[in-house]
Amino acid sequence: MVLIAALFVQAFQMALVVLLAPLLTGFIRLVKARLLRRRGPPVIQPYRDLLRLLRKEVVLAENASWLFRVTPYLIFAATWVAAAIIPTFATGLIFSWTADLIAIVALLGSARFFLTLAGMDVGTSFGGIGSSREVMIATLAEPSMLLIIFTLALIAGSTQLSSIAAFMTSTQAGLRVSLAIALIALVMVAIAENARIPVDNPATHLELTMVHEAMVLEYSGRHLAMIELAASLKLLLYISLIACIFAPWRLASPGAGPAVYLAGLLAYLAKLAAGGALLALFETATAKMRVFRVPEFLGAALMLALLATLLRFVSRSL
Amino acid sequence: MTSVSALLSCVVALLGTAVLAVPIVRSASSTPVVYGASLVFSAVAFVIALAYLATALPAAEASALVLPLGLPWLGSHFRIDALAALFLVVVNLGGALSSLYGLGYGRHEHAPHRVLPFFPAFLAGMNLVIMADDAFNFLISWEFMSLASWAMVMAHHRDAGNRKAGYLYIVMASFGTLALLLACGLLAGADGSYGFAAMRMSDHTPFTTGLVLILLLLGAGSKAGLVPLHVWLPLAHPAAPSHVSALMSGVMTKVAVYAFIRVVFDLIGAPTWWSGVIVLVLGGGTAVLGILHAMMERDIKRLLAYSTIENIGVIFVGLGLALAFKANGMGLAAALALTAALFHVLNHSFFKSLLFFGAGAVLTATGERDMDKLGGLIHHMPVTSFLFLIGCVAISALPPLNGFVSEWLAFQAILQSPALPQWGLKILVPAVGGLLALSAALAAACFVKAFGVTFLGRPRTIVAEQALEVDRFSRAAMSALAALCLLAGILPGIVIDGLAPVTLSLIGDRMPVQTDIPWLSIVPVAESRSSYNGLLVFLFTLFSASLTAYLIHRFASRRLRRAPAWDCGFPEVSPATQYGGGSFAQPVRRVFGTLIFRARERVDMPAPGDLRPAHFAVETHDLVWEGLYLPIAGAVGFVAEKLNHLQFLTIRRYLSLVFLALVFLLLVLALWS
């Protein structure tokens, strides 16, 4: 009975993240439009886009190989599995012990690995430019992320997200300098990883400035739908990650009553909305950087993350 | 028959094959005979070593044997314990699969007589190094192994690049053996007992320990490819035929790691904490420099060789952590770090052999090692490209394959280190952790480049367009290695338990028993509850991908049309406009290369209307080569030039020289006592 309940919660979590992801994207777009005094499309526009893409035929480049066709599903699956493990409204999910935070980052790394390969598969220069820039961003973002994980793991004593979240809700956590620095670094990494302004522009199709969009330029139809959904899912994943580490309030523990789960769910929706609104505000307030300014931005994230880790190594209280 | 005598019989059989190869080398049947025999004997040795490792109980008697060979008063000591058995498994598995690959690949060899006799000899040499239980045996086998591999590096000696590689290799190998000789001399002590058992028993002063460590880093480190002793490796490893490259990169570097572990963890005795510092710094630096060099490389085999340097760095980071923990009496953490290092040894032998086999397959199909002349091979070589892709994912440390597991264990070991008491280590370890993460990310970038430029996109030349799939022996060898990469990745608990006898014998501690944990998860340290389950991640991802693909194909539009690439409405005709090796690496080069390689880009762009062609040139420097080796080479040349004059002295001057030397030596003797 307990197992069935746990499986149900896990399945609900998996369905929830997929269903919410386009909504979050639509919400961010709407807030951005309103901040720019535009009306903006309705919140459900991303769902409509996905459905329309699914109904369209796939136009496949003549040179595309099987890798190109398999990649959208692999990317989506890897991102989905990673998102399924993150505690959104409840901790102690049944699959949470299959992978810890390091493995979640590596799963996203696998998704990126295949996306960059797909960018090179057709053999156009835009795909190559996107892939080579993406790996440059990744070579700086991934070490920063791992150092952030070190900091969190050293504070909470585990790399398991449920344990970290449980530790953060307890009174032991307190206010720490290293945590604050890690939060800043994590936000910077999240912006870079999700191809948001100022690192990349998700709305652009101006070839020379884009990274993510250049890689997926040759995709169409259901393949593009999968990649778009995976991109939304990744954004949701990062906001959920930041929320469950730095704002782990109202997370339901395993075996709690329905009321607790409902409260956790409502709190999660509120956290997502707050995160999305902050991201929209930030994106409207900044301009996109040149590509070769990105290493400086991410270098700062790397230094901050290293500083946070070092603080943890030299002191137990900072 | 004990394990050690059974293994020695296999080695003798391999040596016999080498001798037999000499007379038959000109006949057509020599290739299958030699590789077939090597395959059989290596496979038998592999099974024996694996059986020994699997049944090795914590306090099992090491299997030893003394033969009346070698130095008259010494005899030849051979011995197998858990550590030796593990490395024998690595060597003989690599040897057997290389032989299998050689059955197909060797047919294309245009100079088989330069490879065949040395191949089994090389395998025998590596086995002997690991089984040796006295310094004399060890050094002789070490030198034998180096010479056999050197002969194969020189197999295609008409190529000037190969001659240079061979020269540099033999210089560095002699230097390494010299350093090891001195290390053994120091360990033997005053009473001159060269048996490893005697070395293990005797006490060494901290000064001797430190000196031995440095000599060992020079000797074993130069063979393994530690920066700054790595310069010969990216030249020599790719110069040999591809299955020999796989053995040199995937297996022989592991023999060097074995020598390091044998002396530092077993023979020297208790380590000091600063030995961990030295090894950690060298390991971290090696990892990042190696992979950055690989990122800049266009030649696919050299790229793989540079990536070996990175992996050696990762292994040495694990060993350095293990030393630091062991020195502070943290047994569990030391066992974790050593397990991470040994797991990576195993992993690297799998995926690096696989990748070199793949490069060999590309070389067979196209005759080309330059990635910028390839492309689009995925269409013509589907099996090879799929297996090479598995190797790329594995080496990039991505789940659910094996590379990720050892990387994950290394990170877990780093997370144990705040408990270390020394401040130097406290500050160093997180920095090294950052370097490790950086090298993992760069490795992923590097292998996206390797696979993407070679196998994806449009073919850049005619040879790439006309490539054909390779023979079934080569495919079988690659498939076996790819399967091992997957198995070690999804069932890591079994591998960790298999490594436990080694950590138990070297450190006296082991990781918790993993096969008792439900669902085949792995848990490195029970109380911190960090866990990873490769099998579930694999099944979970596979399930969600299949489910999504099924649902999409069931409910969404299934229509598909082939059309020319969109490319923003302006398709380029020439395949040369695709991103190649150099252009793909350009962003990374601009971020890291300006500092580390002093990379400079020169662009000569004519003004609009000017019809002169534009020029772009990149200039990079290998600072280690220019800063360390060229000055040494210059100094040696200068001294040799000066000493050259001694050849032309008169008899009178020779006699006075001898007299002065005698006086000098007597003076030294008088002052010494």
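Order of the sequence lines fixes the chain letters, A, B, ..., with proteins taken first and strands second; residue numbering starts at 1 for each chain. Hydrogens, waters and symmetry mates play no part in the numbers below; they use all other heavy atoms, side chains included.
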B/Asn402 side-chain N/O to B/Leu486 backbone N/O, donor-acceptor pair under 3.5 Å
no
If you count heavy-atom pairs under 4.5 Å with chain A, which of B/Ala437, B/Pro430, B/Ser583 comes out on top?
B/Pro430
Let me know if A/Phe150 has heavy atoms under 4.5 Å from chain B in its side chain, its backbone, both or neither.
both
For the pair A/Glu134 (side chain) and A/Phe113 (backbone), establish whether a donor and an acceptor sit closer than 3.5 Å, ignoring hydrogens and angles.
no
When every non-hydrogen atom of A/Val81 is compared with those of B/Ser544, the smallest separation belongs to CG2-OG, 3.4 Å
For A/Ile102, is it the side chain, the backbone, both, or neither that has a heavy atom closer than 4.5 Å to a heavy atom of chain B?
both
Heavy-atom pairs under 4.5 Å with chain B are the metric here; pick the option from A/Ser132, A/Ala153, A/Ala78 that has the most.
A/Ser132
The interface call for A/Leu146 against chain B, heavy-atom contacts under 4.5 Å, is side chain
Note: vs chain B, highest number of non-hydrogen pairs under 4.5 angstrom among A/Leu306, A/Leu51, A/Leu154 is A/Leu154
Verify, without hydrogens or angle tests, whether B/Thr384 (side chain) and B/Met381 (backbone) share a donor-acceptor contact under 3.5 angstrom.
no
Residue A/Ala225 versus chain B: region with a heavy atom under 4.5 Å:
neither
Can you tell which part of B/Ile414 gets under 4.5 Å to a heavy atom of chain A, answering side chain, backbone, both or neither?
both
For the backbone of A/Thr71 and the side chain of A/His223, can you confirm whether one donor and one acceptor N or O come within less than 3.5 Å of each other?
no
Under 3.5 Å donor-acceptor, B/Arg460 side chain and B/Ala576 backbone
no
Do you know which of B/Gln578, B/Gln586, B/Arg561 has the most heavy-atom pairs under 4.5 Å to chain A?
B/Arg561
Using a strict 4.0 Å threshold on nitrogen-to-oxygen distance, state whether A/Arg112 and A/Glu193 make a salt bridge.
yes
Check: A/Glu228 main-chain N/O paired with A/Ser232 side-chain donor or acceptor under 3.5 Å
yes
Residue from B/Pro564, B/Ala443, B/Ala445 scoring the most non-hydrogen pairs under 4.5 Å with chain A is B/Pro564
Comparing A/Ile85, A/Val122, A/Thr309 against chain B, the one with the most heavy-atom pairs below 4.5 Å turns out to be A/Val122
Among A/Asp100, A/Leu107, A/Val135, A/Thr116, who wins on heavy-atom pairs under 4.5 Å with chain B?
A/Asp100
For B/Gly581, does its backbone N or O pair with a side-chain atom of B/Asp372 as donor and acceptor, under 3.5 Å?
yes
Strictly distance-based, threshold 3.5 Å: is any side-chain N or O of B/Thr454 a donor or acceptor partner for the main-chain N or O of B/Phe451?
no
With a 4.5 angstrom heavy-atom cut-off, is it the side chain or the backbone of B/Ser396 that approaches chain A, or both, or neither?
side chain
With a 4.5 angstrom heavy-atom cut-off, is it the side chain or the backbone of A/Ala99 that approaches chain B, or both, or neither?
both
When only pairs under 4.5 Å are counted, which of B/Val429, B/Val393, B/Leu415 shares the most heavy-atom pairs with chain A?
B/Leu415
Count the heavy-atom pairs under 4.5 Å between each of A/Ser125, A/Ser144, A/Ala77, A/Gly221 and chain B, then report the option with the highest count.
A/Ser125
Please confirm whether the backbone N or O of B/Val523 pairs with a side-chain atom of B/Gln514, one donor and one acceptor, at under 3.5 Å?
yes
Counting only non-hydrogen atoms closer than 4.5 Å, does B/Cys392 touch chain A with its backbone (N, CA, C, O), its side chain (CB onward), both, or neither?
both
For a side chain to side chain contact (heavy atoms under 4.5 Å, CB included) with A/Ile164, tell me which candidate from A/Ile149, A/Leu101, A/Ile155, A/Thr159 qualifies.
A/Leu101
Region of B/Leu420 that comes under 4.5 Å of a non-hydrogen atom in chain A:
neither
Answer with side chain, backbone, both or neither: which region of B/Phe592 has an atom nearer than 4.5 Å to a non-hydrogen atom of chain A?
side chain
Flag the pair A/Arg222 and A/Glu57 as a salt bridge only when some basic side-chain nitrogen lies within less than 4.0 angstrom of an acidic carboxylate oxygen.
no
Given a strict heavy-atom distance threshold of 4.5 Å, which part of A/Met14 is in contact with chain B: side chain, backbone, both, or neither?
side chain
Could you tell me which portion of A/Ser131 (side chain, backbone, both or neither) has an atom closer than 4.5 angstrom to a non-hydrogen atom of chain B?
both
According to the interplanar angle, ranging from 0 to 90°, do the rings of B/Phe540 and A/Phe95 count as parallel (below 30°), tilted (30 to 60°) or perpendicular (above 60°)?
perpendicular
What part of B/Ser521 is in contact with chain A, defined as an atom under 4.5 angstrom from a non-hydrogen atom: side chain, backbone, both or neither?
side chain
Can you tell me which of B/Phe455, B/Phe447, B/Tyr532 forms the most heavy-atom pairs within a distance under 4.5 Å of chain A?
B/Tyr532
Using atom types as modelled and distance alone, determine if a side-chain donor or acceptor of B/Lys426 lies under 3.5 Å from a backbone N or O of B/Pro421.
no
Turns out that what part of A/Phe68 lies under 4.5 Å from chain B's heavy atoms comes down to neither
Chain B contact via A/Leu53 - which portion, at a heavy-atom distance below 4.5 Å:
neither
Which one, A/Val294, A/Leu117, A/Val59, leads in non-hydrogen pairs under 4.5 Å with chain B?
A/Leu117
Salt bridge or not for A/Glu62 and B/Arg562, using N-O below 4.0 Å?
no
Option that, when pairs with chain A are counted at under 4.5 Å, heavy atom only, ranks first among B/Ala556, B/Ser531, B/Ala565:
B/Ser531
